[in-house]
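Lettering follows sequence order; numbering is per chain, from 1. The structure presented is a predicted model; accordingly, all values stated were derived computationally and were not measured.
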Protein chains: 2
Amino acid sequence: MKKYTCTSKEEKEFLAKYDASKFERPSVTADIVILTTDAEDELNILLIKRGGFPYKGCWAIPGGFLNVGKESIDEAAARELKEETGVDGVFLNQLYTFGDVGRDPRTTVITVAYTALVPKDMLNIKAGDDASDAKLFKIRYDVTGMVLSSGDLTITEDDLAFDHEEIIRMAIKRLRNRIDYEDDAFSLLKDSKSFTVSELKKIHEAIKNRSLDLPNFRKMFFREYLDTGKVTELKDTRPVKGKPTKLYRYNG
Amino acid sequence: MKKYTCTSKEEKEFLAKYDASKFERPSVTADIVILTTDAEDELNILLIKRGGFPYKGCWAIPGGFLNVGKESIDEAAARELKEETGVDGVFLNQLYTFGDVGRDPRTTVITVAYTALVPKDMLNIKAGDDASDAKLFKIRYDVTGMVLSSGDLTITEDDLAFDHEEIIRMAIKRLRNRIDYEDDAFSLLKDSKSFTVSELKKIHEAIKNRSLDLPNFRKMFFREYLDTGKVTELKDTRPVKGKPTKLYRYNG
DNA sequence: TTAATAGTGTCTGTAAGACAATATTGC
DNA sequence: GCAATATTGTCTTACAGACACTATTAA
């Protein structure tokens, strides 16, 4: 963004006298849909259990109020991500802004939602100030829609706070669309230094919630990533159960 | 969104005592990139000339502050669109939210940007309270990038207020991506009741800023719109310079 | 040898794009 | 007939998906 420069004394006086409180203002939060994949290569989401009103005891995506004047809305999202998970410097994509009247019973709250993709090993989950618990939930689907479960605990959309179910749905939908033409999937690799085609395929499968054909996935991988230089073939191989597999590195 | 119901006396007391002013709050605006096509079938954008500080005399996309508690952010965008153009009930798509520190020299302003596609005949352009002028600008490109012109007046990105050049760029980029898989183009038809394939093609050409092959466009049109039932073939034809052309109706 | 995983090759259908050819109108 | 526009058809290339097949390792 270009730097704004005051051009006149008249304008300097205007800005000095500007009363920022003359318009009523809403609260603004940055909330984050934090997604990862688990040991079974299924998509998981980080939710916190609300310790205070409103929606006390409900599960919510992490987030918090913008420190007005001290940080941008993007920085607020990054700060919240770090506070909740210790994670810094990962993929954080702005999703959508939610501003319906009455979506928060306290006062008008505008929420700018973000999506973060974080490998599970990087997550150091802490329950923040206003949370009594924080857990990863496996995201599955049945006839009624999305089913979130963490071990024995299974929650429905009624257990989600505010309009967070809508936010989660939108995040997953957007991610599914992006995965075919953006490089989002690489953010979920366990080892950022090297990966196999099968490992990348499992991430795509988790996000799309369906199994993919390995030969066809390889063709796409070569065309979109190797031939374009986005990915480099390494000389090493990784010993697995069967034939050892070639390793690649994402030049992100 | 589901309705929130207070479940306990304790919570009712909490909400009654909640002090909404304990966190500092930013201003929030809804700004709109209003696009149309002109008589030469080229893409145009509505800009207003700022009558007051900051960026006095610069051109900006229309917008305004959220009426906190009285309207959602979507409704604020629709209200601003109506105030500036008299237009109601058209395509309004949320684009992105801008919240960098210092993007407005007065105070922290979070701007939720929208894109509106409006046929030129529907536009009844008025310069609002804080605007000294309002004009449609033709959007063209040269080696330096985007060039905006209205008759003899040509402006550069330095004549645009705030970070509005970035917002405009993003709106056009998003629209170009959407045009191939969403029904946005139909919003720009001069006559919503009937149109010809050539007319629709001209809208696609204006948005993509390149000419398209009519036979190939027809194939896409039949496959994506007619065969899917999104568009109905009418019995009438429209007399034009050469062979009369079939009319279609969008069942939007 | 068998199980398991990696990796190659082939076939089909769909779609994009270039472009030739035909059709129907007004003048 | 000619200009202008609409409309149909053909050819090539690219890509997605299904699936048969081969390769290499550990046990």
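A distance of 6.0 Å or more separates the ring centres of B:Tyr248 and B:Tyr250. Ring centers of A:Phe91 and A:Phe186: at least 6.0 Å apart, outside the cut-off.
Residue B:Lys241 has no polar side-chain atom (N or O) positioned under 4.0 Å from OP1 or OP2 of C:dG26. At C:dT14, none of the side-chain N or O atoms of B:Arg223 fall inside 4.0 Å of OP1 or OP2 (strictly under the cut-off).
Put simply, CG on A:Leu226 is 14 Å from C1' on C:dG7, counting in whole angstrom units. We find that CG of A:Asp213 is positioned 13 Å from C1' of C:dT10, with the value rounded to whole Å. Counting to the nearest Å, the P atom of C:dA20 and the CG atom of B:Leu214 are 16 Å from each other. A:Arg218 places its CZ atom 15 Å from the P atom of C:dT5, with the value rounded to the nearest Å. Distance A:Arg238 CZ to C:dG7 P: 12 Å, rounded to the nearest Å. Here C:dT12 presents its P atom at 15 Å from CG of A:Asn216, a figure rounded to the nearest Å.
B:Pro239 comes within 4.0 angstrom of nothing in the nucleic acid, heavy atoms only. Counting any heavy atom pair closer than 4.0 Å across all strands shown, B:Ser198 reaches sugar-phosphate atoms only and no base atom.
Proximity of a side-chain donor or acceptor of A:Asp213 to a complementary backbone N or O of A:Asn216 within less than 3.5 Å is detected.
The salt bridge (Lys or Arg N to Asp or Glu O under 4.0 Å) pairs that include a residue from residues 28-37 of chain A number zero, where partners must be two or more places apart or lie in different chains.
Annotation: B:Lys208, atom NZ; neighbour count of heavy atoms from other residues, nucleotides and ligands within 6.0 Å is above 12.
The minimum heavy-atom distance between B:Lys135 and B:Ser150, with the atom names listed, is CD-OG, 3.2 Å. Closest heavy-atom contact between A:Leu226 and A:Glu233: CD1-N, 3.9 Å.
Remark: the B:Thr196 side chain and the B:Thr245 side chain contain no N/O donor-acceptor pair separated by less than 3.5 Å.
By the 30° and 60° cut-offs, the orientation of the rings of A:Phe217 relative to A:Phe221 is parallel.
Reading DNA chain D from its 5' end, the first and the last nucleotide to sit under 4.0 Å from a heavy atom of chain A are D:dC15 to D:dA26.
Contacts of residues 242-252 of chain B with DNA chain D (heavy atom under 4.0 Å): B:Gly242, B:Lys243, B:Pro244, B:Thr245, B:Lys246.
The base of C:dT10 sits within donor-acceptor range of the side chain of A:Lys219, with an N or O pair under 3.5 Å.
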